[in-house]
Each structure stands twice: as structure tokens, then as C-alpha cells.
**Q** 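This is the structure I have questions about; it appears just below.
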Protein chains: 2
Amino acid sequence: MTTAEEKTRRTELIAAAARLFSEKGYERTTVRDLAQAVGMQSGSLFYHFRTKEEMLVAVMAAGIGDITDCLREALEDVHDPRERLTTLFRVHLNTLLGEDKGALSVLLYEWPSLSSKARDQLVPLRDEYETLWQDILNEAARAGLVPEDTSLLRRLVLGGLHWTIQWYNRQGSLSIDELADRMMALIVREPAKA
Amino acid sequence: MTTAEEKTRRTELIAAAARLFSEKGYERTTVRDLAQAVGMQSGSLFYHFRTKEEMLVAVMAAGIGDITDCLREALEDVHDPRERLTTLFRVHLNTLLGEDKGALSVLLYEWPSLSSKARDQLVPLRDEYETLWQDILNEAARAGLVPEDTSLLRRLVLGGLHWTIQWYNRQGSLSIDELADRMMALIVREPAKA
DNA sequence: CCGGAAGTCGAGCAGTTGCTCGGTTTTTTC
DNA sequence: GAAAAAACCGAGCAACTGCTCGACTTCCGG
């Protein structure tokens, strides 16, 4: 009740907004589209959210929150640096390309649509997630798995993974996990497995 | 006269559109903004372009055309695989992050704003550029400089480079060429220099 | 069964959008 | 220097935008 998601209508709205925003883009999605997607009239939206931008922020916040939680959980019982790296790639790509459409792709594409106040609100969440990445890459570098320049490596890899939404096709023969593994192979150095 | 850029007003318009689109985004830039940027009335735009989308297409086409020409020229007298790779990274990043603002960033961000007809028009140009990349990566792989999985490597690296527009700051201490070299170092394998 | 809170309706407002069009100015051409 | 072509003006239209608001409905505790 306190933090849990009991606000069914609100979360339903956020899910619909995530889908529409990622399909058509934020600017090209009208409040009437949003309302229709959950079967209400456009005016009723503003009982749940004060502005359209507030919906965008909600979608983005939910997106980073989810992937951060999801990654933390997946990493819990994994301690080998190489396996942690694998988990990192897999969780990220599955969240980005998975079937629940993409709150994450909204985050990547619609960032410029945010007012600066809204941005300030989201930056800490994004940083938290990127810190997770940074830590795991640092471990991997200490183990000799990846180059030392981990800060730049993080940016290179995250960019490369984000870009997959532009070309990856789930109908194709390449599964998401396979893709993750092959991507990882491109940046991992040789040193013995165990 | 035939192919050269004598259409001064039209090219001026394209340059202004490139700047505005990359600063504010396509949807948030109005035809009145565009007109004001070159000192005319909004109606006069439609003497040069039939629709606003036609301007977007023109900006994008000019963007890919420029970088393709630029890269071809830069590669002309370079034959060592490693040096060709360096040129590739440097030209790409300089075009993307350089001072002439970014027709390229418009290409990356506003792709979803295009109608399918407009997309069809631009795809061949984009493919031409990516083929250049593919060829050079294949050479590099044959020389043992990069992994064999060059098709995926191309996508990883291009994504990583595109992402730089999100975080790179030209006022910072890192020059564009330095950045390019360090990015390249992250994916190049050891084998002797000469 | 009542009272009020939570949620929804839907007409409509004020502003903005891309684009049109008849007319005027500027430039080119012979 | 007149005719024709190219370029521009600017009022304005029709459609759409995010958002408001008073009235209505639904739900639930006392």
C-alpha cells in the first residue's frame, strides 16, 4: 500500500503511455490518443496527471527504476566477474528489447522533450543505474577482462546497446541473449576462463 | 551549376534547419522559427520546399552525403588498415560533434519523424555510408586488428559513437581526435604495429 | 440510505500548427 | 526598359493541441 502499486488506473495509464510514446514518439502522441488507449475521455487524464509531461516523467522514472531493480536482483548470487558482465549485458538488452515494449526507449529518445526541471528529477535515477555499470566494468578490468579505460568503455557499450533498438528484430533468428553474448565477446579480452 | 550548390537561399535554409532541428527537435521547431532564422515570412518557405518534412529530408540527405564524401576523400591516400580505422573514427566523430552543428544528429534523432516514403528515399544513402564502414572493418579483421564478427561490431561501434552527442562537451579537455583514438583503442586487438 | 470522496464525462477555450494564395516586389533576360 | 520569371509577403484558414471546468456517476463507510 505504501510504495506498492495499488494505483491500478495510474499504472495502467503509465503502461499505455510507455507503449504509445515508444511507438509514435512523445510529441506525436496526443492526450486524446492516451485517453483512448485506456478507454476514457481526454479530460479525465488530468485527474491522474497534472500535465502531459508528468506522464512522460512517470514513464521514464518507472523505466529506469525497473531496470535498476531487475539488474540488482539478477546480480545477487553472481560473483564471477565474467558472469556478472554477462548478466549485465543480458538484463540490459532484455529490458530494452523485450516484449513489454519499451519504457527504456522512451527514456533514450525523448530526453530532449523534457523541461530542465523534469530532467533534474530523473538524472539521479539514471546515474544510479550507470554507477552499477561502472562498478561491474571496474571489477572486470581488475580481472583483466576489459581495457582499463572503463569510463569511456561504459559509454561506448551503453551507446552500442541503445542503438540496437534501431535495428534489432525480434522476429529474426538472433535471440536477445545470443545478441548480448556476442556483443560482450566484442569487448572482452582473452585471459583464461578459470 | 549542375550539381554544385548555387541555390544559395535553399542551402541557407537547410543549414538553418539543421541547426534548429538539432537544437530543439523537428516537432518542436515551427515553420515560423525556420523562417525567422533566415529572415523571411513563414509563407515564403513553401516556395522553396513543399512541406516541412521535405526540409527534414533535405537536411538528412545533406548530412549523410557530406560525411560520405568527406570520408571517401580522407581515405584516399591511406592504405594501412590501422590508419584507415583511425581515419574512420576521426572523420565520423568530427562530423558528428564538430562546430558546424549537427545535420547528423538530426539524422539519428528524427528518423522516427519521417514518413515511410521519405525513409525509403534516405535508406540507400545511409546504407552507402555503412558499407564504407563495413569494408574497412573487414580489412581490419583480415589484418587481425578487430574481431571477426564485423557486422555486429559495426553496429556496436556506430551506436557507441552516435551516443557521444549525449555526453561529449566541446568545452571539456578531451579533444575530438583524442576521443576517437581512445574509442578505437577499446576495440582494437594487440598485433604488432608494423 | 445517506453523504462525500473518488473518478469520469464532454463540451469547449485559447493558443498553435502547417500550409494556402492572391498580390507585390525583386531579379533576370532579351 | 519592358516583359517574364523568380522570390517574397502576410493575412488568414482549418485543423489540432494541451488543458479546464462544472456537472454527472460510481463506490463505500457509517
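Reminder, nothing fancy here: chain letters follow the sequence lines and each chain counts from 1.
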**Q** Could you note down all residue pairs passing salt bridge (charged side-chain N to carboxylate O under 4.0 Å, His left out) where residues 150-164 of chain A supplies at least one of them, sequence neighbours left out?
**A** A/E130-A/R154
**Q** Taking only residues two or more places apart in sequence, or in another chain, which ones meet A/D181 in a side chain to side chain contact (heavy atoms under 4.5 Å, CB included)?
**A** A/T86, A/R90
**Q** Starting at the 5' end of nucleotides 9-21 of chain D, put B wherever the base has a protein heavy atom under 4.0 Å, S where only the sugar-phosphate does, and a dash everywhere else.
**A** BB-B----BBBB-
**Q** For B/D33, enumerate each residue passing the salt bridge (charged side-chain N to carboxylate O under 4.0 Å, His left out) test, keeping only those at least two apart in sequence or located in another chain.
**A** B/K24
**Q** Give every donor-acceptor pair under 3.5 Å between a side-chain atom in residues 48-58 of chain B and any protein atom, sequence neighbours left out.
**A**
{"residue": "B/R50", "atom": "NE", "partner": "B/E54", "partner atom": "OE1", "Å": "3.4"}
{"residue": "B/T51", "atom": "OG1", "partner": "B/E53", "partner atom": "N", "Å": "3.4"}
{"residue": "B/T51", "atom": "OG1", "partner": "B/E54", "partner atom": "N", "Å": "3.1"}
{"residue": "B/K52", "atom": "NZ", "partner": "B/Y26", "partner atom": "O", "Å": "3.1"}
{"residue": "B/K52", "atom": "NZ", "partner": "B/T29", "partner atom": "O", "Å": "2.9"}
{"residue": "B/E53", "atom": "OE1", "partner": "B/S115", "partner atom": "OG", "Å": "3.4"}
{"residue": "B/E53", "atom": "OE2", "partner": "B/S115", "partner atom": "N", "Å": "2.7"}
{"residue": "B/E53", "atom": "OE2", "partner": "B/S115", "partner atom": "OG", "Å": "3.1"}
{"residue": "B/E54", "atom": "OE2", "partner": "B/R50", "partner atom": "N", "Å": "3.3"}

**Q** Just jot down the salt bridge (charged side-chain N to carboxylate O under 4.0 Å, His left out) partners of B/R84, sequence neighbours excluded, or say none.
**A** B/E139
**Q** What is the 5' to 3' range of DNA chain C, first to last nucleotide, that sits under 4.0 Å from any heavy atom of chain A?
**A** C/dA6 to C/dG12
**Q** Taking only residues two or more places apart in sequence or in another chain, which ones pass side chain to side chain contact (heavy atoms under 4.5 Å, CB included) with A/A74?
**A** A/T87, A/V91
**Q** Just jot down the side chain to side chain contact (heavy atoms under 4.5 Å, CB included) partners of A/E27, sequence neighbours excluded, or say none.
**A** A/S113, B/E27, B/R28
